[in-house]
Amino acid sequence: MSLPRPIGGQPAPAPSARRARSRGGFARRNGNDASRALDAPALHGTSGTAVSVAARDVLEEVAGYIGFDETDAAILREIGPLLEPSFDGIVHRFYEAIDRNPGARTAIRDEAQAQRLRGTLRAWLQGLFGGRYDRAYFEQRARIGRVHVRIGLAQRYMFSAMNLVREGLHEALELAALDADRRRRAHVAVDRICDVELAVMLETYREAYVERLRAAERAAMLGRLIEAVDALIVGLGEDGAVRLSNAMAARMLGSAASIEGRPFVEVAAVPADAERLRGALTIALGPEGAAREAPEIEVAVDHEDGPRRTRRIVRWSMRPLRGEVEGLAVLAVGHDVTDRLDAERRVAETEAMASLGTLAAGLAHEIRNPLNAARLQLELVSRAAVRVADPTARDKITHHVGVVGAEIGRLSTLLEEFLLLARPRDIERRAVELASLFDEVVTLETPVAEAHRASLSAHVEPGAERVRGDRAKLVQVLVNLVGNAIEAVAGNGGGHVELRARASSDDWVEVSVRDDGPGLPPEIAHQVFRPFVSSKPAGTGLGLCIVKKLVEQHGGHVELESPRQGGTLARFTLPRVRAEELDRVPTHV
């Protein structure tokens, strides 16, 4: 459509050049009259304010459709002074109608806002009759429409509101000093400008709807991206409580229902690490948080995985939001670094064991020779003691010989464990019947258990009858774990130790040793498999380290934990041998 001039820029054409229509109706226009409804210079103007193509198209289409042109502009400019005395009455009736409607009234907060809106409506009425309907006019009307959107006036009220204005203007026209033909054309011009105004107002609602739709689509896409990220994402309020969380955070820390509304420090760290996490959060929430790098901290968290509870290490980074997102003060992003830290620790342990093996090989020869010499000399002293005539002296010498002999034996055992840990021997890989293995261990450990008022039981679930491994090494693993469990319950005056095997998958069997003792001391819970770490006063700290080494030689993994119901649970995995594989796997005899 070619629109050469702004509406209102030229005198109105002769009345015969116009086609009238009834009040409230539309007339389809064509030719130059319709194409001059809104011109390109009027829309683009010189002020530099951008008008969307969609808005320009709506304005041109409506003006062309209803036939609004320069003649209407001239008539409106002419009748404006005649109708202005009626504007206050129209404004009054308009807001009376709003006061009577509860839905429309909710858009007005207080009387001060109502007074401002009354002034805006009166100025809008004056603008109807300005006589020039160019881009500046459109922008001003669109701004008014956006005010209605912003204050929350529902779109459905725009139609009835425009009818109130229309009726008031038509009533004022009936009282104006105009001849019949002029009055008729004035009624038509008023209807047309009200239709244009209604289209502009409704276009602002469409803009708001499109923007809300786009915002919702962006939010949905962002939500999907957040859920797909391999990280824990948690939004926190000013009080440090959880306001939102992604699926990974909910799984790690509990569930969305269980963590939202609770203090972040309470759900994201074990009690021992809570204060350190609270300190980092305080920095992020404080005024200095915006000027500092986002605090990062590694803390432990107890993760509930069905009936199991495992401890994971999470590195949290906290970024202040400072009003960027309504209701949120801090964004906390966590990464589960447990596996990486475990891998780093395993590499360090492997390197340490390699060095230890070299050291052990050199020390073994140097230590064994003095030990053998000491044993020989102790044997000679023991034989000589028998020939001592004085019974008191003989008994004293015999006692001291026994003490020294026990200590030499303990030192020899320590050396053997040390060598086994540093330079493990190859293992056999045969089919091992777990029921038979459990019976052997129970038989070996029953006297020790009875001495400590402990009871033993063993159970092999269907599907977990056989594993692939070295029977002697597996006996060593179980004797070590069962011995630890018996010592643990002995500290409580007695208790029960249970061995159990179950098929954890088609390829693996999980073997567990559970006791009802006091559980793992928190200070060593994360270090129990490290060399020389022990909770026993006279412990070497090598037993569990050897267990871990032997299980890993079988291709499995081992872990210790303190279940909710108390005690300690040690479990490790071994390769499963199914019945149909027996003809292909050698069997221990």
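What you are looking at is a predicted structure, and each value in this text was computed from that prediction instead of being measured. Computed over heavy atoms, backbone and side chain alike; hydrogens, waters and symmetry mates excluded.
In this structure, R514 CZ and L499 CG are separated by 12.0 Å, a value rounded to the nearest 0.5 Å. Taken to the nearest 0.5 Å, the NZ atom of K473 stands 7.0 Å off from the CD atom of Q553. Distance CD/E559 to OG1/T573: 8.5 Å, rounded to 0.5 Å. In this structure, the separation between CD1 on I259 and CE on M252 is 11.5 Å, given to the nearest 0.5 Å. Atom-to-atom distance recorded for L481:CG and L544:CG is 6.5 Å, nearest 0.5 angstrom. To the nearest 0.5 Å, atoms CE (M248) and CG (D336) are separated by 6.0 Å.
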Using the salt bridge (charged side-chain N to carboxylate O under 4.0 Å, His left out) rule, take E428 and R471 through it: C-alpha gap first, then chi angles, then the decisive distance, then the call. CA-CA 8 Å; E428 292 184 333; R471 184 184 180 94; over 6 Å; no
One pair to check against side-chain contact (heavy atoms from CB on, under 4.5 Å): S562 and L569. What are the steps and the verdict? CA-CA 6 Å; S562 294; L569 173 65; over 6 Å; no
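Pairing each heavy atom of V388 with each of A393, the nearest pair is CG1-CB, 4.1 Å. The shortest non-hydrogen separation linking A269 to L277 is CB-CD2, 3.8 Å. Contact between A300 and I313 at its shortest, heavy atoms only, is CB-CD1, 3.7 Å. Between A385 and I397, the shortest heavy-atom contact is CB-CG2, 3.5 Å. Of all non-hydrogen atoms in A241 and G261, the two that sit nearest each other are CB-O, 3.9 Å. Summarising the geometry of L285 relative to G237, their closest heavy-atom pair is CD2-O, 3.9 Å, with the distance given to 0.1 Å.
With sequence neighbours excluded, the residues forming a side chain to side chain donor-acceptor pair (under 3.5 Å) with D339 are R312, listed by chain and number. Applying the side chain to side chain contact (heavy atoms under 4.5 Å, CB included) test to A374 and every residue at least two apart in sequence or in another chain returns I408. E238 meets the side chain to side chain donor-acceptor pair (under 3.5 Å) test with no other residue; sequence neighbours excluded. Qualifying salt bridge (charged side-chain N to carboxylate O under 4.0 Å, His left out) partners for E298, counting only residues two or more places apart in sequence or in other chains: R315. Shown here are the side chain to side chain donor-acceptor pair (under 3.5 Å) partners of E465, two or more places apart in sequence or in another chain: there are none. Scored by the ring-ring contact (aromatic ring centres under 6.0 Å, His included) test, F264 finds W316 as partners (sequence neighbours excluded). The salt bridge (charged side-chain N to carboxylate O under 4.0 Å, His left out) test applied to R243 returns D239, not counting sequence neighbours. Taking the side chain to side chain donor-acceptor pair (under 3.5 Å) definition, one finds that Q377 meets it with nothing, sequence neighbours left out. In this structure P271 satisfies the side chain to side chain contact (heavy atoms under 4.5 Å, CB included) test with no other residue, sequence neighbours excluded.
No option in L478, L560, L550 other than L478 meets the side chain to side chain contact (heavy atoms under 4.5 Å, CB included) test with F572.
Under the 4.5 Å side-chain criterion, counting only non-hydrogen atoms from C-beta, L281 is in contact with M318. Contact annotation: the side chain of V577 never approaches that of V467 to less than 4.5 Å [non-hydrogen atoms, C-beta and beyond]. With contacts defined as side-chain heavy-atom distances shorter than 4.5 Å, the pair K549/V477 does not qualify. Between L574 and L474 the shortest side-chain heavy-atom distance falls below 4.5 Å. Residues L328 and L244 meet the side-chain proximity criterion, which asks for heavy atoms closer than 4.5 Å. For the pair R468 and H554, the minimum side-chain heavy-atom distance is 4.5 Å or more.
Between the side chains of S505 and D507, no donor-acceptor pair of N or O atoms lies under 3.5 Å.
For the side chain to side chain donor-acceptor pair (under 3.5 Å) condition, the pairs that include at least one residue of residues 381-406, sequence neighbours left out, are E379-R383. Pairs engaging residues 263-286 under the salt bridge (Lys or Arg N to Asp or Glu O under 4.0 Å) rule: R262-E266, D273-R276, E275-R278 [sequence neighbours left out].
Side-chain atoms of R429 do not come within 3.5 Å of backbone N or O of D470 as any donor-acceptor pair. Using modelled atom types, no side-chain atom of N246 and backbone atom of L232 make a donor-acceptor pair closer than 3.5 Å.
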Can I get a per-line list of side-chain donor-acceptor pairs under 3.5 Å for residues 443-460, giving both atom names and the distance, sequence neighbours left out?
| unit_1 | atom_1 | unit_2 | atom_2 | d |
| --- | --- | --- | --- | --- |
| T443 | OG1 | D439 | O | 2.8 |
| T446 | OG1 | V442 | O | 2.4 |
| H452 | ND1 | V448 | O | 2.9 |
| S455 | OG | H496 | ND1 | 2.6 |
| S457 | OG | H496 | NE2 | 2.8 |

